[in-house]
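See structure below.
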Amino acid sequence: MAITHEGPAPAEPARSRSSILNDARFRGLVAQAVVAAIVVFAIGMMVWNAQTNLANQRIASGFGFLNQTAGFGINQTMVEYNETSTYGRALLVAIINTLLVAGVGIFFATIFGFLVGVGRLSKNWMVRQVCTAYVEVTRNLPLLFHILFWYLAVLAAMPAARNSYSLFGEIYINNRGIYIPRFVFGEGSGVGLIAFAVAIVGVVVLKKWATARRNATGQQFPVFWTSVGLLIGLPLVALLAVGFPVTIDHPVLKGFNFNGGSRLLPEFAALVIALSIYTGGFIAEIVRAGIKAVNYGQSEAAASLGLKPGLATRLVVIPQALRVMIPPLTSQYLNLTKNSSLAAFVGYPELVQVFAGTTLNQTGQAIEIIAITMGIYLVISLVTSGFMNWYNKRVALIER
């Protein structure tokens, strides 16, 4: 029997340098490390340079200035504010004013856009041409021109307070703004607010029930008018039950100006009108493209079921078109919100005008103020995008 001697296994040859350099994963890690090092170095240089410049100019860094007295007034405030308030309070007022302009602008721009977008597909030649002219004119003029036109050529040309234009004897329009009646809520008005919240829940439940009923029986329930009745009728009944503690403060001309009621600044009105009309032109094209993307066979199928054209558009075409329209609509909503920063040209007290303008000039805290302003716009954009993406998932088709 032969005896064999087993020696140690031969060592594997060391990996050559060329094979390591040819490894795509290794090269990718090296490239990422180099880029990361460059980014860290650049950020460090900017921070060091900013600290050096601030020290040379004897400017203290930090956010402590937010607790200092602002010392300037703001002509539109939704919360309590005066000249003795802090810069932090001024920032809150500016954020609320920005959100107010953005919210109202998005609301009216969506209405204008949907009406004009559907009108561009109308069989009526006159309606179609008017809607086309609206889109072509609004989209091909700069937004700043829209704002200045409505502010300088329209609202500034309005008559003085004594010669105000009156609507129904309750709303007055002049070169100082728009005066409207104001509701004054007394003790016990909270019952109406609770009833309104209950009505909202009722509308949601009603919508789900009506949808299930329509899917089961094919019968359409008047959800819209029933919802309007709930949202208005239920709070009204609740307020009447507690003696209706709500009064109306009417604007009344006294001397050279109006007292009472609420005043909409001409700057606010010009900004909302311009943003709504300008953005509405882009939304109109999105709506038209979304409707055209729906197969015409869907409209024919709705007609074969006996649905009228308007009902078929609302129940069959628009819900399917939303799946195409929502992503570009999100971009337009974000654009409108960021475009509200042009309010500084007409003196409306929004975020850029109040905080990145007046506050920056008074405090000199450029880095902190710019960082806060960027962060606020970023948060608003992310919240808007998140909500629209959530809604987009709800209306999207689920494939099996």
_Could you go through Met158 and Tyr165, starting from their C-alpha distance and side-chain angles, then the distance that decides it, and tell me whether this counts as side chain to side chain contact (heavy atoms under 4.5 Å, CB included)?_
CA-CA 8 Å; Met158 290 290 176; Tyr165 295 121; 3.5 Å; yes

*Between Ser341 (side chain) and Lys338 (backbone), is there a donor-acceptor pair under 3.5 Å?*
yes

*So, Asn163 side chain and Pro159 main chain: donor-acceptor pair closer than 3.5 Å or not?*
no

*Test item: Thr359 side-chain N/O and Ala356 main-chain N/O as donor-acceptor pair under 3.5 Å*: no

*So do Phe72 and Gln362 actually touch side chain to side chain, heavy atoms under 4.5 Å?*
yes

*Looking just at side-chain N and O atoms, do Tyr151 and Glu267 make a donor-acceptor pair shorter than 3.5 Å?*
yes

*Donor-acceptor contact present, side-chain Asn49 to main-chain Met45, <3.5 Å*: no

*Would you please test His250 and Arg182 for side chain to side chain contact (heavy atoms under 4.5 Å, CB included) and show each step?*
CA-CA 7 Å; His250 301 274; Arg182 177 171 61 94; over 6 Å; no

*Given the rule that I, L, V, M, F, W and Y join up when any side-chain heavy atoms are under 4.5 Å apart, are Val101 and Val383 in one cluster?*
no

_pair Thr363-Glu368: side-chain heavy atoms closer than 4.5 Å_ = no

*Is there a donor-acceptor pair closer than 3.5 Å between any side-chain N or O of Ser340 and the backbone N or O of Ala102?*
no

*Tell me yes or no: between the side chains of Tyr333 and Thr110, is some donor less than 3.5 Å from an acceptor?*
yes

_Please enumerate all residues that pass ring pair (Phe, Tyr, Trp, His ring centres under 6.0 Å) together with Phe107, with sequence neighbours excluded._
none

*How many angstroms lie between atom CE of Met325 and atom CG of Asn392, to the nearest 0.5 angstrom?*
11.0 Å

*Do the side chain of Thr77 and the main chain of Glu80 share a donor and acceptor less than 3.5 angstrom apart?*
no

*Would Ile194 and Val246 show up in the same hydrophobic cluster when neighbours are defined by side-chain heavy atoms closer than 4.5 Å?*
no

*Kindly indicate, with the supporting measurements, whether the criterion salt bridge (Lys or Arg N to Asp or Glu O under 4.0 Å) is fulfilled by Arg120 and Glu285.*
CA-CA 9 Å; Arg120 287 207 64 188; Glu285 285 297 273; 2.4 Å; yes

*Using the rule that two of Ile, Leu, Val, Met, Phe, Trp, Tyr join whenever any of their side-chain heavy atoms come within less than 4.5 Å, decide whether Val198 and Leu231 are in one cluster.*
no

_So, taking the atom named OG1 in Thr226 and the one named NZ in Lys207, what distance separates them when rounded to the nearest 0.5 Å?_
12.5 Å

*Between Asn124 and Ser122: side-chain donor-acceptor atoms closer than 3.5 Å*: no

*Establish whether Val223 and Ile232 are linked, either directly or via other cluster members, by ILVMFWY side-chain heavy-atom contacts under 4.5 Å.*
no

*Stepwise, does the side chain to side chain contact (heavy atoms under 4.5 Å, CB included) test hold for Phe108 with Ile277?*
CA-CA 8 Å; Phe108 285 109; Ile277 291 177; over 6 Å; no

*To the nearest 0.5 Å, how far apart are CD in Gln332 and OG1 in Thr337?*
11.0 Å

*Within 45° of the six-membered ring axis of Tyr278 and under 6.0 Å from that ring's centre, is NZ or CZ of Arg139 located there?*
no

_Point-to-point distance, once rounded to the nearest 0.5 Å, from NZ of Lys393 to CE of Met388_ = 13.5 Å

*How close do Pro235 and Leu230 get, heavy atom to heavy atom, and via which atoms?*
CD-O, 3.5 Å

*Atom CZ of Phe221: over 12 foreign heavy atoms under 6.0 Å*: yes

*Is there a donor-acceptor contact under 3.5 Å from the side chain of Ser164 to the main chain of Ala161?*
yes

*What closest approach, in Å, do Leu239 and Pro245 show between heavy atoms, and which atom pair accounts for it?*
O-CD, 3.9 Å

*Rounded to the nearest 0.5 Å, what separation is found between the CD atom of Glu350 and the CG atom of Leu342?*
8.5 Å

*Would Thr86 and Leu66 satisfy side chain to side chain contact (heavy atoms under 4.5 Å, CB included), going step by step from the backbone distance to the final call?*
CA-CA 6 Å; Thr86 63; Leu66 293 174; over 6 Å; no

*Any side-chain heavy-atom pair from Gln32 and Val30 closer than 4.5 angstrom?*
no

*Hey, is the main chain of Lys254 close enough, under 3.5 Å, to the side chain of Asn259 for a donor-acceptor pair?*
no

*Over all atoms of both residues, closest heavy-atom pair of Ala195 and Ala238*: CB-CB, 3.6 Å

_Reported CG-to-CD1 distance for the pair Leu264 and Ile180, which is rounded to 0.5 angstrom_ = 4.5 Å

*asked:* Can you tell me how the ring of Phe387 sits relative to the ring of Trp390, calling it parallel under 30°, perpendicular over 60° and tilted otherwise?
replied: tilted

*Less than 6.0 Å separating the ring centroids of Phe258 and Tyr172?*
yes

*Under a single-linkage definition using a 4.5 Å side-chain heavy-atom cutoff for Ile, Leu, Val, Met, Phe, Trp and Tyr, are Val35 and Met46 assigned to the same hydrophobic cluster?*
yes

